[in-house]
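One structure is given here, and the rest of the page talks about it.
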Amino acid sequence: MKKFLALLLALVMVFALAACGEAETEETTPAGEETTPAGEGTEELGYIGISMPTQSLERWNRDGSYLDQQFQAAGYKTMLTFANNETDQQVNDIQNMIADGVDLLVISAIDGMALNTVMDEAGTAGIPVIAYDRLINNDNVNYYVSFDNYSVGQLQGEFLVEALDLENAEGPFNIEFTAGDPADNNAPFFFNGAMDVLKPYLESGKLVCVSEQTDFDVVATDAWDTDTALARAQNILASYYADGTQLDAWLCSNDSTALGVTQAIQSDYAGDNTVWITGQDGDEANLKNIVDGMQSMTVYKAVANEAVATLDIAKAILAGDPVDQALIDNAGWDFEANLDTETYTTSDSGHAATSVLLVPTTVTTENFEEVLVAPGYYEVGEDGYLHATQN
Ligand code: BGC
């Protein structure tokens, strides 16, 4: 079965690549190929600028290539850039796209507040923007495609409630917190989702944060950086746990930060009990840690589906069709998504981006075969660990 799926996936990729080739050559040979309906060259279908934050964090490589492939296979011309986690670079990338005449922008912001000027420029040029995964705080941004960020945090919190059996066990259990980049609009959503689940137990004393560091601003990690998360975790372990105090859980908002925390626990925590550690993304290094029992879970977000949703929304926008519940109902997606027109406000004026939010899934050793391997996102390598089938 696994071999069959791998073969199927390989075939799909071969066809997708062939389709990309067609779309690219379509500019010089505007014949009526299937991906580019007769009479419509690539230019007529549209030119899409795709700006991703960085290649240094695993998932964005996947997002970038899925988006690029999806749009090209559908007959669009694309420009794909990665901004090396540097805001100035991202502004520059987007300005180049505008100057090059893109019809629509798909942007995952490094800093949701720092793209104001360039979003105003896009607005003036009449270029619609889809904020991809991370919201951009500018009222010219009318569309947002993401996973339900608050529910990512809820899943992490609920996982810990169950793992520690907080409803029944006597406790108290000791917990620490590591959140994401304050410049990323998603980060507080993840943190609040988890905190809202865990707060009652912190208030009742069943959960104790020994360091007392429970505010987002204090536990945040600039640029979601693994080494930054590692250094802070080492600090906390040295200051509060070196005397043999038991640590039971560490809420980490994503995998890059969980990687640092896990490293710190391996090297700097002397206790021999299980420390439950959460994550998000299904990065390969973290899935390895999950298989090896060093991380407990990750929240998986199938970014391939996020790219499919983005393509269909872009098509609707370019065709002048509404992005609404009917679009979601009729899209024929084999994944769940919900329309939200209130939560993601782009400024204090209350303007909210029309948001299509996909549904994330908890992954543990119990279900990774079913959630990750069976649909073809990952395969189990000869080393016994999970490897993404596409990067
Ligand atoms: C994404 C996460 C990711 C994080 C760091 C967030 O905006 O939603 O999936 O872990 O950025 O790259």
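In each ligand, atom 1 is the first atom listed, and ligand 1 is the first ligand listed. Here, residue 1 is the first one in the sequence, and each next residue gets the next number. For clarity, every value in this text was computed on a predicted model and none was experimentally measured.
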Under 4.0 Å, heavy atoms only, figure out whether ligand 1 is touched by the backbone of [X], its side chain, both or neither.
| X | answer |
| --- | --- |
| F189 | neither |
| D133 | side chain |
| W60 | side chain |

So which heavy atom in the protein is nearest [atom], and how far is it from that ligand atom?
| atom | result |
| --- | --- |
| atom 4 (C) of ligand 1 | W224 CE2, 3.6 Å |
| atom 11 (O) of ligand 1 | R134 NH2, 2.9 Å |
| atom 3 (C) of ligand 1 | D281 OD2, 3.3 Å |

Below 4.0 angstrom from a heavy atom of [X], which ligand 1 atoms are there? Numbered from 1 as shown, please.
| X | answer |
| --- | --- |
| N254 | 3 (C), 4 (C), 5 (C), 10 (O) |
| D184 | 6 (C), 7 (O), 11 (O) |
| F190 | 8 (O) |
| K301 | 1 (C), 2 (C), 8 (O), 9 (O) |
| Q280 | 2 (C), 9 (O) |
| L57 | 5 (C), 12 (O) |

Excluding L237, membership of its hydrophobic cluster (Ile, Leu, Val, Met, Phe, Trp, Tyr; side-chain heavy atoms within less than 4.5 Å) reads V208, V210, I236, Y240, Y241, L247, W250, V261, I265, Y269, V275, I277
Checking V145, L104, D133, D63 against T310 for side-chain contact (heavy atoms from CB on, under 4.5 Å), the one that qualifies is V145
Result of checking Y377, F368, F147 against Y300 for side-chain contact (heavy atoms from CB on, under 4.5 Å)
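By the side-chain contact (heavy atoms from CB on, under 4.5 Å) criterion, Y300 pairs with just one of Y377, F368, F147: Y377.
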Q | Within 45° cone of Y385 ring axis and under 6.0 Å: K288 NZ or CZ | A | yes
Please tell me whether Y144 and Y344 form a close aromatic pair, meaning their ring centres lie under 6.0 Å apart.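 Yes, they do, as the ring centres are separated by less than 6.0 Å.
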| task | Give a yes or no on whether E162 atom CD has more than 12 heavy-atom contacts from other residues, nucleotides or ligands under 6.0 Å away. | result | no
Please identify each residue that fulfils side-chain hydrogen bond (donor to acceptor under 3.5 Å, both in side chains) with Q325, with sequence neighbours left out.
->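 For Q325, the residues satisfying side-chain hydrogen bond (donor to acceptor under 3.5 Å, both in side chains) (neighbours in sequence not counted) are D329.
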**Option from R59, Q295, Q280 for which side chain to side chain donor-acceptor pair (under 3.5 Å) with D255 holds** =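 Single pass found, and it is Q295.
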